[in-house]
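Contents: one structure, followed by commentary.
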Amino acid sequence: MLDLKHTLQSLQNIRANPAVSIFVPTHRTFPDNQQDHIALKNQLKQLEEQLLKTYDKVFVAQFLKRIHEKTDELNPNYYLDTLAIFATADQVEVICLPFKTQARIMIDTQFVLRDFIRELSYALDYYIVVVTREMGRLIQASNNRVIHEFSELDIELTPLLPHGAFPVKNETLYSLTAAERSAAAQEDRYLKEFLNRVDKNVQVIHAQKPLPIVLVADRRNISFYETICDHPHQIIIKVDNVTQLENSEPRHIVDSVQNALKDYQNKIHQNHANQLDQVYGSERVVTDLQHIYQAALQGNIDTLYIQQGYSVNGFIDENEQRIEFSAAPEDDSTPTDVIHHIIDAAQTHGGHIVFLPEAYLSGKTPVTLLSRYAI
C-alpha cells in the first residue's frame with residue numbers, strides 16, 4: 001500500500017531538467033470516471049506541445065512514452081480526486097491524490113509538491129472497521145474523504161489475509177441450529193469468533209500501514225470487538241449510531257463518523273495547546289524564525305508548533321544557514337515558503353511537528369520551537 005506522505009517527501013528531493021508535474025482532476029464513480037482518460041490524454045497532448053518548444057522530438061517522444069507506459073492501463077475505479085504524474089527523463093511516478101486540484105502542467109527543475117505535503121500534514125488518516133453480526137468491512141479514509149474500501153479487487157493483498165478478502169462474512173451464522181441460536185451464550189461465542197477473524201485480517205493490513213482505527217458497530221458488537229481484538233489501543237473512536245452498515249457506500253460510513261472525528265481532533269488540538277501553554281516562556285522556547293531554522297538544522301529540536309496554513313515568503317541561504325527576507329542571496333533566486341524549509345529541517349533531524357488551528361494559539365506566535373536544550 002502506498003504511503004502517500006513518504007512518497008511525496010521522497011519526490012521533493014529530486015532535481016532534473018525537466019521535472020514535470022501534471023495534475024488531472026478525476027472522478028470516483030461511473031460513468032463520470034470514464035471521461036478521465038480523455039482528460040488525461042488532453043493533458044499529455046498539451047505537455048507534448050510545451051516540451052517541443054524546448055526539447056527535440058526524439059527526447060519528447062521518449063519522455064511521453066515513459067508516461068504512457070505508466071498511465072495507459074490505469075483502472076478508473078481506483079481514481080480518487082486528482083491524478084498526479086511526476087516525471088523526469090529517468091522515472092515516472094503516478095499518484096492518486098485524495099483532494100481536488102486544478103488541471104495544470106508545470107515544467108521546472110523540481111516537482112510541485114509543497115502544497116500537497118502541507119495539506120497531508122494536516123490530515124488525519126485512519127481505518128474504519130465496520131462490523132455487524134453478519135459482516136466485517138474495512139475502509140481507509142483521510143479526514144472526510146474515502147481513500148479506499150478493501151475488497152476482493154485487492155488481488156495482491158488478499159492472499160496475505162488469513163480469512164479471505166474483505167468484506168469478511170460470518171459463514172457460521174446460518175450453520176447454527178435453532179437451538180444453538182436460541183442459546184445466548186453459544187451465539188455470543190460464535191459471534192466473538194467471527195469478530196476475531198475480522199480483527200486478524202485488520203491486523204495484517206494495519207501491520208503494513210499503521211493507522212488509528214475508528215470502530216463502527218452497534219454497542220453490543222463494539223463491546224465484543226474490544227474484548228477480542230489483539231490491540232484495542234489502536235481504536236481511537238467508537239461510533240454506535242450509524243445505519244446501513246452492510247450495504248451502504250463507503251461515503252455514507254465516512255460521513256457518519258465526522259462528528260466523532262471532529263470531537264477527537266479538537267481534543268488532540270487542545271492537548272497540544274495545553275502543552276504549549278505549559279512551556280511557553282521557558283528558556284527552551286524559540287519564536288524567532290531565524291533562530292528556529294538554525295536550531296532545526298543543528299538538530300536542537302524537540303517539538304515544532306505551527307499554525308495551520310501559515311507561510312512566509314523569503315530566501316534560503318543554505319550555506320550560511322540563514323533566512324533572508326529582503327533580498328535574494330543570489331540574483332536569480334525566487335522567493336520560497338521558508339516555513340516549508342523549517343519543517344523539512346525539523347523532520348530531517350527527528351523533530352516532532354504539531355500543526356494547530358489559529359484559534360488554539362491564543363495570540364502566540366505562528367511558529368514556536370521547543371528546543372531540546374536552551375539556546
Side-chain angles (χ1 to χ4, degrees), residues 1-7 78 80 96 98 120 123-173 175 187-242 244-254 256-258 260-261 264-265 267-268:
M1 290 179 288
L2 179 67
D3 186 330
L4 189 53
K5 292 179 184 178
H6 177 76
T7 299
Y78 283 91
L80 296 178
C96 292
L120 288 171
L124 174 61
D125 300 328
Y126 56 100
Y127 296 120
I128 304 178
V129 177
V130 183
V131 290
T132 68
R133 65 195 298 268
E134 298 187 358
M135 183 181 295
R137 300 171 61 181
L138 183 63
I139 300 166
Q140 184 179 339
S142 179
N143 284 351
N144 63 348
R145 295 181 182 273
V146 177
I147 301 299
H148 179 62
E149 176 162 16
F150 294 88
S151 72
E152 67 278 358
L153 297 176
D154 299 301
I155 55 177
E156 294 182 358
L157 179 63
T158 299
L160 304 177
L161 300 177
H163 299 287
F166 283 97
V168 181
K169 297 182 180 179
N170 189 354
E171 303 293 350
T172 62
L173 182 66
S175 65
E187 183 178 0
D188 288 354
R189 182 171 68 84
Y190 279 108
L191 180 55
K192 289 179 180 179
E193 288 177 359
F194 165 65
L195 296 178
N196 184 256
R197 292 196 291 272
V198 174
D199 183 63
K200 290 292 189 279
N201 269 18
V202 170
Q203 293 307 320
V204 170
I205 294 174
H206 190 278
Q208 294 191 16
K209 183 177 178 62
L211 294 175
I213 290 173
V214 175
L215 179 59
V216 175
D218 62 28
R219 292 184 181 181
R220 179 169 179 258
N221 285 331
I222 286 176
S223 176
F224 283 173
Y225 193 92
E226 288 183 297
T227 301
I228 59 83
C229 68
D230 290 341
H231 301 287
H233 63 275
Q234 296 170 351
I235 301 171
I236 59 170
I237 301 171
K238 295 164 281 188
V239 182
D240 62 10
N241 60 351
V242 183
Q244 300 174 300
L245 297 183
E246 295 179 357
N247 301 315
S248 60
E249 291 292 322
R251 170 82 269 161
H252 165 73
I253 302 294
V254 171
S256 298
V257 304
Q258 288 309 301
L261 198 70
Y264 172 80
Q265 289 177 304
K267 290 178 182 177
I268 296 296

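Quick caveat: nothing in here was measured; it's all calculated off a predicted structure.
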Note, E149 side chain near I253 side chain (heavy atom, < 4.5 Å): no
Might you confirm whether atom NZ of K200 has over 12 heavy atoms from other residues, nucleotides or ligands at distances under 6.0 Å? yes
How close do V204 and P162 get, heavy atom to heavy atom, and via which atoms? CG2-CD, 3.7 Å
Quick one: are S248 and R137 in side-chain contact, heavy atoms under 4.5 Å? yes
How about I228 and E193: do any of their side-chain heavy atoms sit closer than 4.5 Å? no
State the CD1-CG distance between I213 and L138, to the nearest 0.5 angstrom. 7.5 Å
Give, for atom CG of D218 and atom OG of S223, the distance between the pair rounded to the nearest 0.5 Å. 10.0 Å
Does the side-chain contact (heavy atoms from CB on, under 4.5 Å) test come out yes or no for K238 and E226, once each step is laid out? CA-CA 10 Å; K238 295 164 281 188; E226 288 183 297; 2.9 Å; yes
Is there side-chain contact between Q203 and D199, with at least one heavy-atom pair below 4.5 Å? yes
Side-chain heavy-atom pair P98, L4 within 4.5 angstrom cut-off: yes
Apply side-chain contact (heavy atoms from CB on, under 4.5 Å) to L157 and Q208, showing your working. CA-CA 10 Å; L157 179 63; Q208 294 191 16; 3.8 Å; yes
Reported OG1-to-CG distance for the pair T158 and L153, which is rounded to 0.5 angstrom: 8.5 Å
Give, for atom CD of Q234 and atom OH of Y127, the distance between the pair rounded to the nearest 0.5 Å. 9.5 Å
Locate the shortest heavy-atom distance separating D125 from S142; write the atom from each residue and the value. OD1-OG, 2.7 Å
Are F150 and L161 side-chain neighbours, meaning at least one heavy-atom pair lies under 4.5 Å? no
Passes side-chain contact (heavy atoms from CB on, under 4.5 Å), Y264 versus L124? Steps please. CA-CA 10 Å; Y264 172 80; L124 174 61; 4.0 Å; yes
Looking at residues at least two apart in the chain, or sitting in another chain, which of them share a side chain to side chain donor-acceptor pair (under 3.5 Å) with D240? R219
If we ignore hydrogens and angles and just use 3.5 Å, is the side chain of N201 paired with the main-chain N or O of G164 as donor and acceptor? yes
Could you tell me whether the side chain of R197 and the main chain of H163 form a donor-acceptor pair under 3.5 Å? no
Starting at CG of L211, measure out to CD1 of I147 and round the result to the nearest 0.5 Å. 10.0 Å
Looking at residues at least two apart in the chain, or sitting in another chain, which of them share a side chain to side chain donor-acceptor pair (under 3.5 Å) with H148? D154
I'd like to check the side-chain contact (heavy atoms from CB on, under 4.5 Å) partners of T132; sequence neighbours left out, ordered by chain and number. E134, M135, L245, E246
Could you tell me which non-hydrogen atom of V254 sits nearest to which non-hydrogen atom of R145, and how far apart they are? CG1-N, 4.1 Å
Validation row: N221, L191 side chains within 4.5 angstrom (heavy atoms): yes
State which residue, out of F194, F224, Y225, fulfils the side-chain contact (heavy atoms from CB on, under 4.5 Å) condition with V131. Y225
Measure the CD1-CZ distance between I222 and R220 for me, rounded to the nearest 0.5 Å. 13.0 Å
Using side-chain contact (heavy atoms from CB on, under 4.5 Å) as the criterion, point out the one residue from I237, V130, N241, V216 that pairs with V257. V216
Taking the side chain as every heavy atom from C-beta outward, state whether Q140 and K209 have any pair of such atoms under 4.5 Å apart. yes
